[in-house]
Every structure is written in structure tokens, then in C-alpha cells.
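As C-alpha cells, the structure follows; a few thoughts come after it.
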Amino acid sequence: MKKWMLALTLAGGVIALSACNQSGGSTVVESNAGDITQDELYEAMKEKVGAQALQQLVYEKVLSEKYNVTDKELDAKIDELKKQLGENFEAALLQYGYANEEDFKETMKLGMMQEKAGLKSITEKELKEAYENYKPEIKARHILVADEKTALEVKQKLDAGEKFEDVSNTYSTDTAAKEAGGDLGWFGATAQMDPAFLKAAFALKVNEISGPVQSQFGYHIIQVTEQKEKESYDKMKDQLKSELLTTEKINAVMQKEIKEAKVKISDKDLKGALDPQASAAHQ
């Protein structure tokens, strides 16, 4: 699931705040120790989850005017999430404060509306630039050692024709990759790996062996063994759109939508609830 989606980031009960914002001070709790009024409950909830609740309510109002999410689309997204989480689905709902699946669907629907708004904002120019800069996945292997001197020794042995697997078995300190002859499998240019390692790996041609590459883990000798072909622009458009749909993009789109809707917050304590910083903090 996209990290920017609100579906598993807001507490499921924040919407309850809206029901308390009514005129008057009607009593909601009576006791011998004293009563609790609607106003007191509103103030207490506002302090705890006010910004989140207001943000969600405003977003729903603004986006529902332009972006429709059908029950079929929503059910499909829920089914997809169930497959991802498996038997942990119910536990995840409880962990994030949702009473049940229907409660969760309300927030998921908002996330899907945000997705539609974000996708609509992506231009053809952005997509073509992303395509030009896109690097297909590579399959690589490496030998990790502690210092540059040892890395140069490893490089020399490989250049002399010794098998990569044998040299890896002798020298590499990466025990996990070592068992597979140094193989790291397939990965893309945005993989969660050391930046210096990624930069060096994607600069190599297939079968080329690098010189020593320093990273936070030590020194690597890298070889790219395979590289996937870059597909056509038309085939990659959906993938590129997904990659361009970042948290920053969604925040920018939401600020634009709020501005166009001329949203004004009358409660002084919640004036900053829709600021970009607040939006980012709740996602």
C-alpha cells in the first residue's frame, strides 16, 4: 500500500470528533462526581485528535466533489490488502484503532480519492522525464571486505580468471550472499541499499567487474550478471505513475484542492490543521 495513503495512519475513531461539535452544552455523561458536557468532550477530543479529524473531514468534503470511488473499486482494494496482510488483517485494523472493516473502509475510500487526485495531476512531461531516467532492474553479485587493500587483492584474483564464487567463499564478509556465491538477486535503482553501492552497480555493464567501492559496510567488488530490457513507454506508463505518486506529490495536490475550495477554519485552535507540515505529520 502507498505510504502516503491515510488508510493505516489515522486512528479509526477520529471522525467521532465531528459528532461532538454541536451548539450548546448538552450533557453526555452524568455522575455523582460531576457531569461531562458536549462542549467538554469536544474540547478534549479536539486536543487529542482534532487536527487529524479535521483534515480527514475536509479532505473528504473537497475530494468527493471531483473524484468518485465506487463500491467495486473499494472492495477490490480491501481484497488486495487482505491478500497482502493475510491472517494479520484483523489485527492490523485493531492496532490502528478501527472498530471493524466498515470503519476502515471510510478512511480507505479517502486514500483512494487522494490517489485519483494525485494521478490526475501527473503530467505527460513528468512521465516522459521519468521514463528517460528510468533504469531497468539488474542482477548483481558482490564480495564484501573490510578494507581497500583486501578489495584490490580480490579484484586482482578475479581479473586473473579465478571463479567469483570461489573468491567470494574465501574473502567475503557478507555471510548471507556468500552462501549464494555473492549473488544479491534482482534489484532496482531505488532499492533500499547503500547509495554508493547502487550508484556503482548501475554504472557497470553486464559482466563487468568493478574496482573497490566503499560503502557504510566496507569495500565491495561488484559484478552485474544480468540486466532487464527497458520496456516501451506505453507499457511502463502505469508503473511510472505509481512511482511518481509520492507523499510530496499528494501533499501538493491536497493544498491545491483546499485552496480552490476556499476552505476557511473558524476554530482558532485548529487553524494550522491543513498546513503542509501538518499533512505530512499525519501520513
Decide whether [X] and [Y] are clustered together by the hydrophobic rule: side chain heavy atoms of Ile, Leu, Val, Met, Phe, Trp, Tyr closer than 4.5 Å, transitively.
X: F197; Y: V145; answer: no
X: V62; Y: V69; answer: yes
X: V154; Y: V224; answer: no
X: F217; Y: V213; answer: no
X: I258; Y: I265; answer: yes

So, for [X] and [Y], which heavy atoms are closest and what is the spacing to 0.1 Å?
X: P136; Y: F202; value: O-CE2, 3.3 Å
X: E165; Y: G181; value: CG-CA, 4.0 Å
X: L198; Y: A189; value: CD1-O, 3.6 Å
X: A200; Y: I222; value: CB-CD1, 4.1 Å
X: L184; Y: A177; value: CD2-CB, 4.0 Å
X: L63; Y: A117; value: CD2-CB, 4.1 Å

**Residue among E153, R141, K157, K155 satisfying side chain to side chain contact (heavy atoms under 4.5 Å, CB included) with I221** = K155
**Complete:** Test side chain to side chain contact (heavy atoms under 4.5 Å, CB included), reference K249, set N251, T246, T247, output is T246
Are more than 12 heavy atoms, taken from residues, nucleotides or ligands other than [X], located less than 6.0 Å from that residue's [atom1] atom?
X: E87; atom1: CD; result: no
X: D71; atom1: CG; result: no
X: K271; atom1: NZ; result: yes
X: K256; atom1: NZ; result: no

Report yes if some heavy atom in the side chain of [X] is under 4.5 Å from a heavy atom in the side chain of [Y]; otherwise report no.
X: T107; Y: Y98; answer: yes
X: E226; Y: V206; answer: no
X: L152; Y: Y219; answer: no
X: L245; Y: I250; answer: yes
X: E257; Y: M113; answer: no
X: M254; Y: L274; answer: no
X: Y134; Y: Y233; answer: no

**Request:** Output, in order, the C-alpha distance, side-chain angles, deciding distance and verdict of side-chain contact (heavy atoms from CB on, under 4.5 Å) for L127 and E124.
**Result:** CA-CA 5 Å; L127 285 170; E124 193 72 14; 4.2 Å; yes
**Request:** Begin from the C-alpha positions of E102 and K105 and carry the test salt bridge (Lys or Arg N to Asp or Glu O under 4.0 Å) through to its verdict.
**Result:** CA-CA 5 Å; E102 289 304 312; K105 278 186 176 182; 3.6 Å; yes
**Message:** Could you go through Q223 and I143, starting from their C-alpha distance and side-chain angles, then the distance that decides it, and tell me whether this counts as side-chain contact (heavy atoms from CB on, under 4.5 Å)?
**Reply:** CA-CA 9 Å; Q223 183 182 38; I143 297 171; over 6 Å; no
Kindly say whether [Y] contributes a backbone atom to a donor-acceptor pair with the side chain of [X] at under 3.5 angstrom?
X: T170; Y: D166; value: yes
X: D147; Y: T150; value: yes
X: T173; Y: L144; value: yes
X: S64; Y: E60; value: yes
X: E101; Y: E90; value: no

**Prompt:** Do Q239 and E243 pass the side chain to side chain donor-acceptor pair (under 3.5 Å) test, and can you show the C-alpha distance, the side-chain angles, and the key distance before you say yes or no?
**Reply:** CA-CA 6 Å; Q239 178 185 335; E243 292 178 0; 3.2 Å; yes
Spacing of [X] atom [atom1] and [Y] atom [atom2] [to the nearest 0.5 Å]:
X: D194; Y: Q214; atom1: CG; atom2: CD; result: 9.5 Å
X: Y171; Y: L158; atom1: OH; atom2: CG; result: 10.0 Å
X: W186; Y: I138; atom1: CH2; atom2: CD1; result: 9.0 Å
X: K237; Y: K128; atom1: NZ; atom2: NZ; result: 8.0 Å
X: M236; Y: E231; atom1: CE; atom2: CD; result: 6.5 Å
X: E73; Y: K109; atom1: CD; atom2: NZ; result: 10.0 Å

**Verdict with supporting geometry, E47 and D269, side-chain contact (heavy atoms from CB on, under 4.5 Å)** = CA-CA 9 Å; E47 183 179 348; D269 295 327; over 6 Å; no
**Request:** State whether E132 and K230 are salt-bridged, where the test is any N-O pair (Lys NZ or Arg NE/NH1/NH2 against Asp/Glu carboxylate O) under 4.0 Å.
**Result:** no
**Request:** Start with the C-alpha gap between S210 and H220, add the side-chain angles, then the distance that decides, and say whether side chain to side chain donor-acceptor pair (under 3.5 Å) holds.
**Result:** CA-CA 8 Å; S210 76; H220 308 257; over 6 Å; no
